[in-house]
There are 2 protein chains.
Amino acid sequence: MPEYPPFAVTADLVVFTIRDGELCVLVICRGEEPFAGSWALPGGFVRPGENLDEAAERELIEETSLGGAVAHLEQLGSYGGPDRDPRMRVVTVAYLALVPELPVPVAGGDASDASWRPVRELKPDSLAFDHARILADGLDRARAKLEYSPLAAAFCQPEFTVADLRRVYEIVWDTELDPRNFHRKVTSVPGFLEPTGGTTAGERGRPALLFRRGEATLLHPAMLRPVR
Amino acid sequence: MPEYPPFAVTADLVVFTIRDGELCVLVICRGEEPFAGSWALPGGFVRPGENLDEAAERELIEETSLGGAVAHLEQLGSYGGPDRDPRMRVVTVAYLALVPELPVPVAGGDASDASWRPVRELKPDSLAFDHARILADGLDRARAKLEYSPLAAAFCQPEFTVADLRRVYEIVWDTELDPRNFHRKVTSVPGFLEPTGGTTAGERGRPALLFRRGEATLLHPAMLRPVR
DNA sequence: ATAATAGTGTCTCTTAGACAATATTTC
DNA sequence: GAAATATTGTCTAAGAGACACTATTAT
């Protein structure tokens with residue numbers, strides 16, 4: 001076997017959630033150079049016995065105490081320019097995770113300085129390394145997948161209303177959707193939503209039916225994203 | 001900086017083309033263990049000064065003498081299980097390339113044993129490493145992207161007819177499309193096709209208008225893949 | 001009763017799919 | 001002219017978008 005250039009391989013996470021009506025991403029504040037004081041995406045080295053998905057799920061659990069079974073976790077892409085980290089040659093395999101709003105702020109792995117930041121308030125040059133690009137790619141991916149997949153439910157609690165789901169679309173797409181047409185759409189696609197039988201109560205207006213995610217893995221025909 | 005486990009990083013290619021009415025993929029025959037005698041996807045180590053895209057394009061040029069400007073080249077995903085190569089820990093960043101039918105068989109880099117094989121004839125266990133999975137993922141990606149992108153033209157010569165383009169869809173999707181509805185669809189989406197003014201000649205039937213790829217980067221509304 | 005939110009029905013327009021009809025070439 | 005392929009047109013049905021209307025709760 002010929003000689004090969006050695007790389008470090010990390011798994012970095014773009015973890016989205018919705019808090020206070022805003023799309024937020026999990027970031028940690030870097031304590032060391034390079035980029036000390038900047039925000040960075042959480043992540044870490046892939047360990048010798050792990051495959052890439054396992055490394056990403058381990059990081060996700062460490063940071064949020066939520067595993068891929070609760071959240072949604074998928075590979076986003078790899079980033080490996082020669083100068084992205086001045087210390088060594090490193091390739092990052094980025095993952096996209098969508099999680100519901102967490103009851104506790106953020107669990108404490110070794111990164112107790114992790115926090116949720118609204119995506120719209122994160123300036124690109126406040127992020128370390130090439131993490132602004134990774135974040136942008138993750139946002140594009142999440143927006144696109146809402147169109148043709150039942151993924152929006154990953155942002156919701158296990159039981160949710162049609163309005164909850166609509167708000168996810170509106171926040172991620174930064175748009176407004178007609179509640180009536182949206183309702184007709186999501187309830188007419190077979191297997192997309194499954195009624196639990198329960199209803200909400202104690203809020204203003206007519207109580208809403210509760211649903212959970214159905215079996216469908218694809219939303220067909222797709223939900224159309226309004227032109228803006 | 002703490003110690004990190006060293007990886008080898010390779011860029012592997014899923015290169016599709018259409019030959020003799022069949023979807024074909026570029027494979028090389030392995031001469032050494034492991035998997036001596038098996039087919040494998042072309043690829044190689046990412047070099048110290050290269051980013052991932054550059055490595056993929058270099059490999060593509062070495063194997064086909066076509067660059068990403070002529071063909072289409074995009075990152076597919078990364079594969080890095082701990083046991084995928086018995087010799088060392090290696091992460092492969094896989095790329096998907098779509099190229100037109102080449103005038104010469106396959107150019108001679110160091111891999112003169114490269115050849116085009118019909119995808120349908122490649123048995124999964126005839127491929128080395130986890131390349132059967134990478135190939136399957138590449139096929140899924142290519143099929144999906146034909147729906148909403150102008151990518152089918154990447155399989156065609158610079159100038160092509162509507163029927164040429166339709167045959168790409170039919171071959172990649174392994175389906176039949178109505179020539180009249182297809183014609184109406186692709187010619188009605190603005191920016192998808194650009195007439196060159198020329199026509200075909202010397203074939204049977206009415207000569208067809210020639211087109212080249214238009215400026216559009218998205219096909220909207222999408223081309224619907226028939227249910228089978 | 002009023003306000004607020006949930007859910008249903010109706011109309012119109014676009015577009016996909018089926019397929020008839022016409023156009024232009026080779027043999 | 002016959003056969004083959006290209007291109008246009010016509011009809012129908014499904015679905016999206018606009019929006020009136022009904023339903024059920026809290027105050």
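Everything quoted here is computed from the prediction, not taken from an experiment. Lettering follows sequence order; numbering is per chain, from 1.
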C:dA16 phosphate, OP1 or OP2, under 4.0 Å from B:Lys185 side-chain N/O: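 It does, given that an N or O in the side chain of B:Lys185 lies less than 4.0 Å from OP1 or OP2 of C:dA16.
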Below 4.0 Å: OP1/OP2 of C:dT8 and any side-chain N or O of A:His183: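 For C:dT8, OP1/OP2 do have a side-chain N/O of A:His183 under 4.0 Å.
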SB check A:Asp178 A:Arg180 (cutoff 4.0 Å): yes
Ion pair check, A:Arg120 and A:Glu22, cut-off under 4.0 Å: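 Yes.
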Nucleic acid footprint by protein, nucleotides 20-27 of chain D - heavy-atom cut-off 4.0 Å, B for base, S for sugar-phosphate alone: B--BBBS-
Donor-acceptor contact present, side-chain B:Trp39 to main-chain B:Ala128, <3.5 Å: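 Answer holds: no.
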[X] [atom1] to [N] [atom2]: how many Å, rounded?
| X | N | atom1 | atom2 | value |
| --- | --- | --- | --- | --- |
| B:Tyr148 | C:dA16 | OH | C1' | 21 Å |
| A:His220 | D:dA14 | NE2 | C1' | 11 Å |
| B:Asp164 | D:dA6 | CG | C1' | 12 Å |
| B:Asp178 | D:dT5 | CG | P | 15 Å |
| B:Leu224 | D:dA14 | CG | P | 15 Å |
| B:Leu209 | C:dT24 | CG | C1' | 11 Å |
| A:Phe182 | C:dT5 | CZ | P | 17 Å |
| A:Leu210 | C:dG7 | CG | P | 9 Å |

Could you tell me if [Y] and [X] have a donor-acceptor pair between their side chains, going purely by distance under 3.5 Å?
| X | Y | value |
| --- | --- | --- |
| A:Tyr79 | A:Asp12 | no |
| A:Asp53 | A:Tyr95 | yes |
| A:Arg84 | A:Thr92 | yes |

Output field: ring centroids A:Tyr169/A:Phe182 closer than 6.0 Å: yes
Residue A:Arg184, side-chain atoms from C-beta onward, closest of D:dA16, D:dT7, C:dG17: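 For A:Arg184, the side-chain atoms sit closest to D:dA16.
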A:Asn181, nearest nucleotide to its side chain (from D:dA16, C:dA18, D:dC19): D:dC19
